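The structure appears right after this line, and notes come after that.
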Amino acid sequence: MSGLISILADGIAYGMLLFLFSIGLSITLGLMRFINLAHGAFAMCGGYAAVVLLNGFGVPFLLTLPIAAVLTGLVGVVLEQLVIRRVYPMPELQQVLFSIGLAFAAGAVANILFGPQQQPMLLPDWLTARVNLGVVEITGYRIFLILFGLVAAGALVALFNTTLFGARVRAAVDNRPAAEGIGIHVTRLFAITFGLGAAFAGLGGALAVGFLGLDPTFPFKYLVLLLMVVAIGGPGSIAGSFVAAVSLGAIDALFKYYVPEVGSFVIYGILVLMMVFFPKGLASRRAA
Amino acid sequence: MRMVRVGAGLPLLLLAVAGFFLFPEYLTLFTSLFILSVFALSYDLLQGHAGVVSLGHAVFFGTGAYTTAILARHGLAEPVLGLLAALVVSALLALVLTRIVVVGNDLTRLLVTLGVGFLMFEAANQARDLTGGADGLSDFTMGPVLGLFRFDFAGETAFFYSLAVLVLVYFFLWRLAASPFGLALRGIRENVRRMPAIGAPVRRHLATAYTISGGIAGLAGALLAQTSNFASLDMLGFERSAEVMMMATLGGTGSIPGVVLGATGLGYLKDALSAMSPKYWQLGIGIVLMLSVFVLRGGIAGAATALIRRLRERA
């Protein structure tokens, strides 16, 4: 029993990271119809920012998180304004090629700057300590990740469901021409949302270094999982992405631990089955 | 467009043969470029002619490679028979998969093929007895081609053997593209809703195209396994699937000589840049891809066609 809880905690913490990685992809796919296979590069960017800040400048761990998020968000906005904006109207194939190219280039730049090895990250003691929860002991970092993910998801849901900004984004997702017709500046909305998505990926990347590791293959290593979260959760749906990410993380951890022979198949099998039977995802905002 | 299609095949063949005499020390590289061309042509039948994208085409390439390698281990060492077996096995796999890969829109197709690709990769990784797992298969020897030509160290047999396959595939696809079936595929690409209205069986056409394409991809994989005496997991990995998509698109989707040029060009670039370091190849291909989206929309073939049209207008 305690084993099961500990594995579940592992899987859910993993799912929280997947959620942070993928939420930006979900929004850009739902809002701008942009297939961004390079979204994992933003997570990698945040990861390297956190490593440099922590190991190079001695910035405290908790402070590296917001800095990494803001930096990655800025990178996202600049890229969006300079080039990515021009890729939105292109056919899907061109978007795929462009973003694969971006992901390759980002990985290569990381490789040239930091080398191909795993990046070390020294977490503070209070995060590596084991916490006794009565029935089971879990490392503090797992608990921290799960709480952090819950807060981030709550904040995003609140942002999109209760604020004027969120209402504008939802309006633009549901019906772009009508949203523009009532005076919503959709292009600017795109840039802000893109930066926000990149910032959350950067935050996830900074958090992931101590849990998943960080090396230049990062953008492609988690690409399939990111796409799965978005596809299963339904592009543009925050709650859908959250449910998809956490359940995928938990399922992956459970199968890898209890049935290792088929563990690595299960996730991809689910993807194929989902796409064949529910090609629109679980909770797509778009009706058509 | 028509002029480029008809006219480019023969000069390309002459170039290849000239390469044999001019650069005899690079025969292995040429051979691998021919194989890449066959693979890219197989993928282009899907993306360029039928408009069906895939990020898992290496599945068929790898299946072909493993088929001939496993058969050679069990005594069937004649290369042409190995090729035919790889063709049949990969085509059958494509026929089975076609039910799930041609559904939905581009995004669902990309995701399904991506998922199938990773599933097959894991399957090959786990089936260690059959595929050698992460070590791959190299404990097999191919016999002489048709019982006559031995694979030599200089790679002359491998050169002409794979060039012959490339020429056959090139000619076959060229005829296929001009046939009523090829026209029907283009109709599906241009307007998939209208095709049923004129009585075209869209699903059956797509299944046929997928089967042929998978079979030819298997042929390419088998060629690589036979000429390099090696079959490994990376032959059905995601990177190879992404590469073939780039080659076909950079060459110019739907143009057979363009795709051959795209495959050889990128293949050469990969060889040259990887020799320095894999990271420079990744940086190079990344920049080329991003730029190509802006400056080379129709690929090499599109640029060539535009150039010819401009020269004609001036004349």
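Below, read A as the first sequence line, B as the second, and so on, with proteins coming before strands; counting in each chain starts at 1. Please read these numbers as outputs of a predicted model, since none were measured by experiment.
Side-chain atoms of A/Leu37 and B/Leu110, non-hydrogen and from C-beta on, never get closer than 4.5 Å to each other. Inter-residue side-chain proximity for A/Met90 and B/Val293 is flagged as met; some heavy-atom pair is nearer than 4.5 Å. Considering only heavy atoms from C-beta on, A/Leu93 comes within 4.5 Å of B/Gln47 through its side chain. Counting heavy atoms from C-beta on, the side chains of A/Tyr268 and B/Leu114 never come closer than 4.5 Å.
Contact annotation for residues 236-248 of chain B against chain A (heavy-atom separation below 4.5 Å, listed by residue number): B/Phe238, B/Glu239, B/Ala242, B/Met245, B/Met246. Listed in order of number, the residues of residues 78-85 of chain A that approach chain B to under 4.5 Å between heavy atoms are A/Val83.
Contact of A/Ile270 with chain B is not made at all, since no heavy-atom distance falls under 4.5 Å. For B/Gln126, the part lying near chain A is the side chain, with the backbone staying farther off; criterion is any non-hydrogen pair under 4.5 Å. With a 4.5 angstrom heavy-atom cutoff, B/Val116 touches chain A via backbone and side-chain atoms both. With a threshold of 4.5 angstrom between heavy atoms, B/Tyr280 approaches chain A through side-chain atoms but not through N, CA, C or O. Residue contact with chain B, scored on non-hydrogen atoms closer than 4.5 Å, involves the side chain of A/Leu29 exclusively.
Taken from CG in B/Leu291 to CZ in A/Phe98, the straight-line distance is 9.0 Å, to the nearest 0.5 Å. Summarising the geometry, atom CD1 belonging to A/Ile112 is positioned 5.0 Å from atom CG belonging to B/Leu283; distances are rounded to the nearest 0.5 Å. From A/Leu227, atom CG reaches atom CG of B/Leu55 across 9.0 Å, with rounding to the nearest 0.5 Å.
In terms of the salt bridge (charged side-chain N to carboxylate O under 4.0 Å, His left out) criterion, B/Arg189 has no residue partners (sequence neighbours excluded). By the side chain to side chain contact (heavy atoms under 4.5 Å, CB included) test, B/Thr67 is found to be paired with B/Thr63, B/Leu71, B/Ala85, B/Ala86, B/Val89, residues two or more places apart in sequence or in another chain being considered.
Atom CZ of A/Phe265 is surrounded by more than 12 heavy atoms from other residues, nucleotides or ligands within 6.0 Å. By the neighbour-count criterion of 12 heavy atoms within 6.0 Å, atom CZ of A/Phe114 is densely surrounded, having more than that number from other residues, nucleotides or ligands.
Taking each heavy atom of B/Leu119 and A/Gly269 in turn, the nearest pair found is CD2-N, 3.9 Å. Nearest heavy atom pair, residue A/Ala108 against residue B/Lys279, reads CB-O, 3.3 Å. Contact record, A/Arg86 with B/Phe294: CB-CE2, 3.8 Å, taken as the closest heavy-atom pair.
For the set A/Val272, A/Leu271, A/Val87, A/Leu97, the entry with the most heavy-atom pairs within less than 4.5 Å of chain B is A/Leu97.
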